[in-house]
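In this chain, numbering begins with 1 at the start of the sequence shown.
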Amino acid sequence: MTDPVLSMYGLNESECSVTAFGNGLINHTWKISCENKDFLLQKINQQVFKTPEDIMDNFRLLAEYFKYHYPDYLFVVPLLTIQGTNYIKQGNHYYRLFPFIENAWSFDTVTDPSLAFEASRQFGEFTGLLSAFDPDLLHITLPDFHNLALRYRQFDDALQHGNKERIAQTADSSRFLKDQKAIVEEFEKIKKHPDFKLRVVHHDAKINNVLFDRRNNRGLCVIDLDTVMPGYYISDVGDMLRTYLCPVSEDEQDFSKIQIREEYFSEIAKGYFSEMHHRLSEYEKLYFIYAGKFAIYMQALRFFTDYIHNDTYYSIQYEGHNLVRANNQIMLLKKYLEKEEMLMAILKSCMYSP
Ligand code: ADP
Ligand code: GN1
Ligand code: MG
């Protein structure tokens, strides 16, 4: 099935093995093993990404920038076809081929603080090296993706027009989410400040979007760059706090397992500041802890809204899955808020250390 695609890269499918690969939720991914080289083939998910050409143009712009300014940085660049394009359109589907990074692996959960440090350093390095790149040159691949005010309006709208039965069953959750609206107001305020800079941000800083060196678990590079767009650093730091601090994922149904691991917090901070402390303004740094509230709250709103709209965005494994996810994130937010002072003290201790 991949034959016409592979032949456009000069590869002969009969000499390669093709296997489904990875645990990504958005794109389709295959490992292509040929005689003396491996590749990674991806089909872009067009339900989510409506303008794949824009994504691939962003890749081109960033690849050129890194090649010129930081040739040693490992930026995983899509390979060119025989015709010189960095993707293929086959029927209505878009494909791209990457070199396979050997001796690398990725993780789905963060099981050691050193992984949090390494991943955070990778996301910090990515944004840091692109500090002089004009973020407005990038195409917006998902409009309003991390626009918290819009996410709140969508939540509010779901409560007006969504599934009535589900709305009635979830009054406690929706009340809590409404009570936290100050998190949206804070975002609206800080966005207006001139020292809160638009930067090149990944926007999906989960642990499985980092490749690690199998031999020593050092971070190698960030991957899954479809959501790289202009944004605020709190998007990446926030998603790391959301997904690395807690020992269990957003799918966990046993909420007694939800907790905030302080030693992971300090590693996220140290990793990010090792690359970004001299680039972030003092004003931006004030919002490091806020980043966690921003991301956890936004994710809770998104899962809850999708539940009220009968699960149209996030794929579910069982009835009520999105409500579990929303309530899981609500619990995480409560735990995070309880620890805010403690986290502030930890942050002070690692902010200015090298
Ligand atoms: P998705 O958007 O579906 O999450 P990703 O781009 O993150 O897709 O890829 C899915 C998985 O494939 C990653 O978590 C990683 O394990 C693996 N992977 C992606 N790119 C490469 C690469 N160039 N070399 C080796 N493994 C890769
Ligand atoms: C989606 O595909 P994945 O799992 O990396 C979502 C993120 C959410 C995440 C929650 C394009 O990411 O924004 O944080 O689910 N990506 C998109 O698990 O909506
Ligand atoms: Mg991914």
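Salt-bridge formation is not detected for the pair Glu284/Lys197: no Lys NZ or Arg NE/NH1/NH2 atom is positioned less than 4.0 Å from an Asp or Glu carboxylate oxygen. Using a 4.0 Å cut-off between a side-chain N of Lys or Arg and a carboxylate O of Asp or Glu, Arg175 and Asp172 qualify as a salt bridge. A salt bridge is absent between Glu186 and Lys293; no separation between the charged side-chain nitrogens and carboxylate oxygens falls under 4.0 Å. Taking 4.0 Å as the cut-off between side-chain N and carboxylate O, Glu282 and Lys285 count as a salt-bridged pair.
A cation-pi arrangement, defined by a distance under 6.0 Å to the six-membered ring centre and an angle within 45 degrees of its axis, is present between Arg166 and Tyr307. A cation-pi contact, defined as under 6.0 Å to the ring centre and within 45° of the axis, links Lys334 to Phe176.
Under the 3.5 Å distance criterion, the side-chain polar atoms of Gln42 are left unmatched by any main-chain donor or acceptor of Ile44. Arg151 places no side-chain N or O within 3.5 Å of a backbone atom of Met298 that could act as its donor or acceptor partner.
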side-chain contact (heavy atoms from CB on, under 4.5 Å) between Val110 and Arg261, intermediate numbers included:
CA-CA 11 Å; Val110 191; Arg261 300 178 295 182; 4.2 Å; yes
* Under the side-chain hydrogen bond (donor to acceptor under 3.5 Å, both in side chains) rule, what do Asn12 and Ser14 come out as? Steps first, then yes or no, please. => CA-CA 6 Å; Asn12 184 346; Ser14 63; 2.8 Å; yes
- prompt: Between Asp226 and His203, is a side-chain hydrogen bond (donor to acceptor under 3.5 Å, both in side chains) present by the stated rule, with each step listed?
  reply: CA-CA 9 Å; Asp226 303 326; His203 287 106; over 6 Å; no
Item to complete: Apply salt bridge (charged side-chain N to carboxylate O under 4.0 Å, His left out) to the pair Asp57 and Arg60, showing each step before the final yes or no.
Response: CA-CA 5 Å; Asp57 200 44; Arg60 181 188 60 77; 2.8 Å; yes
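Evaluation of the ring-ring contact (aromatic ring centres under 6.0 Å, His included) rule for Phe39 yields no partner, not counting sequence neighbours. Take Lys192 and apply the salt bridge (Lys or Arg N to Asp or Glu O under 4.0 Å) test, not counting sequence neighbours, and it matches no residue.
Of the inter-residue distances, the one linking Lys335 atom NZ with Ile258 atom CD1 reads 8.0 Å to the nearest 0.5 angstrom. A distance of 11.5 Å separates CZ in Phe303 from CG in Leu323, rounded to the nearest 0.5 Å. Rounding to the nearest 0.5 Å gives a distance of 12.5 Å between CD1 of Ile296 and CE of Met331. Atom CD of residue Gln122 and atom CG of residue Leu74 lie 8.5 Å apart, to the nearest 0.5 angstrom. Annotation: the span from Lys89 atom NZ to Glu53 atom CD amounts to 6.5 Å, rounded to 0.5 Å. We find the NZ-OG1 distance between Lys206 and Thr109 to be 12.0 Å, quoted to the nearest 0.5 Å.
Side-chain polar atoms of Asn327 and Ser173 form a donor-acceptor pair below 3.5 angstrom. There is a side-chain donor-acceptor pair under 3.5 Å between Thr85 and Thr81. Side-chain contact of Arg325 with Asn328: a donor-acceptor pair under 3.5 Å is absent, judged by distance alone.
Separation of the Tyr287 and Tyr232 ring centroids does not fall under the 6.0 Å cut-off.
Ring orientation note: the planes of Phe294 and Phe187 are tilted relative to one another, at an angle of 30° to 60°. Ring-plane geometry between His28 and Trp30 is classed as parallel, the angle between the planes falling under 30 degrees on a 0 to 90 degree scale with a further cut at 60.
The side-chain hydrogen bond (donor to acceptor under 3.5 Å, both in side chains) analysis of residues 237-246, with sequence neighbours excluded, yields the pairs Asp239-Arg242, Arg242-Glu250, Arg242-Gln329.
Scanning both residues, Asn58 and Val228, for their nearest heavy atoms gives ND2-O, 3.7 Å.
Of the residues listed (Asp251, Asp311, Asp306), the one engaging His321 in a side-chain hydrogen bond (donor to acceptor under 3.5 Å, both in side chains) is Asp251, and it is the only one.
Under the 4.5 Å side-chain criterion, counting only non-hydrogen atoms from C-beta, Asn208 is not in contact with Asp224. Within the 4.5 Å cutoff, the side chain of Phe288 has no heavy atoms near those of the Leu343 side chain.
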